[in-house]
J.: 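Structure provided below as C-alpha cells; questions to follow.
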Amino acid sequence: MDRRWLAALVDAMEQAARPEVRNVPCDAGLISAAAAHLARPAPTFAHCRSVYSLRN
C-alpha cells in the first residue's frame, strides 16, 4: 500500500509542533470559519448508500 500520505501527515504534524510555528498567532477569521464549518451538520451521503457497513 502507498504510505506516502501517512509520511506527509507525520511531516506536517512535526512541523506544526515546532515552537516557532506554534508561537505564531492564528488569524481570527480562519478560526471563526473553521468553527462555522464544524458547526454544520454532518452530511448523510444518502445517495450513495451501501448494504455494507463499517460496523461489521
Side-chain angles (χ1 to χ4, degrees):
M1 295 180 67
D2 187 8
R3 297 186 183 198
R4 287 180 287 185
W5 67 271
L6 181 58
L9 177 62
V10 170
D11 289 342
M13 292 174 71
E14 286 176 347
Q15 178 159 349
R18 292 180 19 215
E20 61 271 14
V21 174
R22 291 179 56 96
N23 291 334
V24 176
C26 290
D27 179 21
L30 181 62
I31 293 172
S32 63
H37 178 76
L38 293 173
R40 293 188 302 196
T44 60
F45 299 109
H47 63 280
C48 58
R49 288 190 185 209
S50 173
V51 295
Y52 300 104
S53 172
L54 295 176
R55 291 185 226 157
N56 292 343

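Position 1 is the first residue of the sequence, and the numbers go up from there.
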J.: Going by side-chain hydrogen bond (donor to acceptor under 3.5 Å, both in side chains), name the residues that satisfy it together with Arg22, two or more places apart in sequence or in a different chain.
T.: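 With sequence neighbours excluded, Arg22 shows a side-chain hydrogen bond (donor to acceptor under 3.5 Å, both in side chains) to no residue whatsoever.
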J.: Calculate, to the nearest 0.5 Å, the distance between atoms CE and CZ belonging to Met13 and Arg18 respectively.
T.: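 Those atoms lie 15.0 Å apart.
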J.: Just grab all the side chain to side chain donor-acceptor pair (under 3.5 Å) pairs involving residues 29-41, residues at least two apart or on different chains.
T.: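 For residues 29-41, and leaving out neighbouring residues, the side chain to side chain donor-acceptor pair (under 3.5 Å) pairs sorted by first residue read His37-Arg40.
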J.: Between Ile31 and Cys26, which heavy-atom pair has the shortest distance, and what is it?
T.: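 Residues Ile31 and Cys26, closest heavy atoms: CD1-CB, 3.5 Å.
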J.: Test of understanding: with side-chain hydrogen bond (donor to acceptor under 3.5 Å, both in side chains), list the residues that count as partners of Glu14, not counting sequence neighbours.
T.: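 None.
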